[in-house]
There are 2 protein chains.
Amino acid sequence: MNTARGRECSLANALAVVGERWSMLVLREVMLGQRRYDQILANTGANRDTLASRLRTLVDAGILERQQYEQHPPRYEYVATEAGLALQPILMSLMEWGNQYATSGPPPTVFTHSCGAELHPRTVCDHCGETLEPGNARIERLGAVR
Amino acid sequence: MNTARGRECSLANALAVVGERWSMLVLREVMLGQRRYDQILANTGANRDTLASRLRTLVDAGILERQQYEQHPPRYEYVATEAGLALQPILMSLMEWGNQYATSGPPPTVFTHSCGAELHPRTVCDHCGETLEPGNARIERLGAVR
DNA sequence: GTGGTAAGTTCGAATTTCGAACCAACCGCC
DNA sequence: GGCGGTTGGTTCGAAATTCGAACTTACCAC
């Protein structure tokens, strides 16, 4: 993804890696335990060469790792690295947003948290623990526009 | 964005709306207070027709609202609706992830929370307040694959 | 030896995005 | 009254990306 122009920003950098079409859905499948090419293919709906290309991008970016699980013929599966695991809460939050604003009817996919309750993610300020509300954040420093 | 095939999922639904190229960067600019076409154009780096198309998509999806601020000639600015504001914490979280895994050097953009501390978003379980860790979520129900 | 599985690659066709140019309507300047 | 600047786009043909479908390689089970 092109990041040459526009504001210098970590959001743009993040999107350069996971903002391409299918990338997030690939991560969803890996998160759901589907780690093999053909499973990811069927469950995302991407086509074969685009998926191969996306997987390469994600591996190169250090978000997924390619692990060989068979020698002859060589077969690989994809597992999340630390960086990939760190995206999980964000995918969950986007899924929650999708439930509220982009899905009619009951949520197709539901998780249970280890505390026993149905999982609904919420984003808080790491320092004070307060829920992040639009308007409670002030711009401290702004990336330059290139 | 095509959502015909693949797993039925609110993440896919969310991405059908905000997963297209430039959409999230447009939302970032609106979030930063840049609401006019030419500002958004310069600060994202998108080209003119793609930006016009993205703005239409976001308005149609109920994420942005087009507000006329001048009668002759008609001029518009774009403001976030409730659905758009609800995406702010997610953009902040993605920015935080980008800081850690996709940006070298100091973060280009920094926010301060109303509590006074530098803002670092964290995602928690809404019920128990515990930080979301990969592995603490169990799949309760899974969307079907179409 | 026939069919199935897995992880891709290759193909030409369709769609999307690209930069650059254009446009209409107004403004301030002198 | 003419000149340049601003705003919010549209139009263009060219380049890049994504599409579905077919093919490949290597193994296994029957």
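The chains referred to below are lettered A, B, ... by the order of the sequence lines, with proteins before strands, and numbering in each begins at 1.
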So which atom in A/Thr103 and which in A/Pro108 form the shortest heavy-atom distance, rounded to 0.1 Å?
CG2-CD, 4.1 Å
Looking at B/Arg54 and B/Asp49, is there a salt bridge between them, counting it only when a charged N and a carboxylate O are closer than 4.0 Å?
no
Do you know the tightest heavy-atom contact between A/Leu51 and A/Tyr37?
CD2-O, 3.6 Å
Selection residues 72-84 of chain A - residue pairs positive for salt bridge (charged side-chain N to carboxylate O under 4.0 Å, His left out), sequence neighbours left out:
A/Arg36-A/Glu77
Hey, where on DNA chain D does chain A first and last touch, going 5' to 3'? Cut-off is any atom under 4.0 Å from a heavy atom.
D/dT18 to D/dC27
In terms of the nearest nucleotide of DNA chain D, which residue is placed more toward the 5' end: A/Arg75 or B/Arg5?
B/Arg5
A/His72 vs A/Glu70, test: side-chain hydrogen bond (donor to acceptor under 3.5 Å, both in side chains). Steps then yes/no.
CA-CA 6 Å; A/His72 294 286; A/Glu70 205 185 91; over 6 Å; no
Polar contact flag, side-chain donor to acceptor under 3.5 angstrom, A/Asp60-A/Thr57
no
Considering all heavy atoms, the nearest B/Val30-B/Ala80 contact:
CG1-N, 3.9 Å
Do other residues, nucleotides or ligands put more than 12 heavy atoms under 6.0 Å from the CZ atom of B/Arg5?
no
Heavy atoms within less than 4.0 Å of DNA chain D: which residues of residues 38-58 of chain A have one? Give them sorted by number.
A/Asn47, A/Arg48, A/Asp49, A/Thr50, A/Arg54
Provide the closest heavy-atom pair for B/Leu91 versus A/Leu11 in the form atom of the first, atom of the second, distance.
O-CD1, 4.0 Å
Regarding A/Asn13 and A/Ser10, do their side chains bring together a donor and an acceptor under 3.5 Å, going by distance alone?
no
So which of residues 64-73 of chain A are in contact with DNA chain D, with a heavy-atom cut-off of under 4.0 Å?
A/His72, A/Pro73
For a quick test of reading the model: is some side-chain N or O of A/Tyr78 closer than 4.0 Å to OP1 or OP2 of C/dG8?
yes
Where B/Glu96 and B/Pro121 come nearest, the two heavy atoms and their spacing
OE1-CD, 3.7 Å
In this structure, how many angstroms lie between the P atom of C/dT17 and the CG atom of A/Leu15, rounded?
14 Å
Which atom of B/Leu94 lies closest to which atom of A/Ala14, heavy atoms considered:
O-CB, 3.7 Å
Given that A/Glu77 and B/Pro74 both sit by DNA chain C, which one's nearest nucleotide is further toward the 5' end?
A/Glu77
Can you pull out the residues from residues 23-31 of chain A that lie within a 4.0 Å heavy-atom distance of DNA chain C?
none
Going by salt bridge (Lys or Arg N to Asp or Glu O under 4.0 Å), name the residues that satisfy it together with B/Arg138, two or more places apart in sequence or in a different chain.
B/Glu140
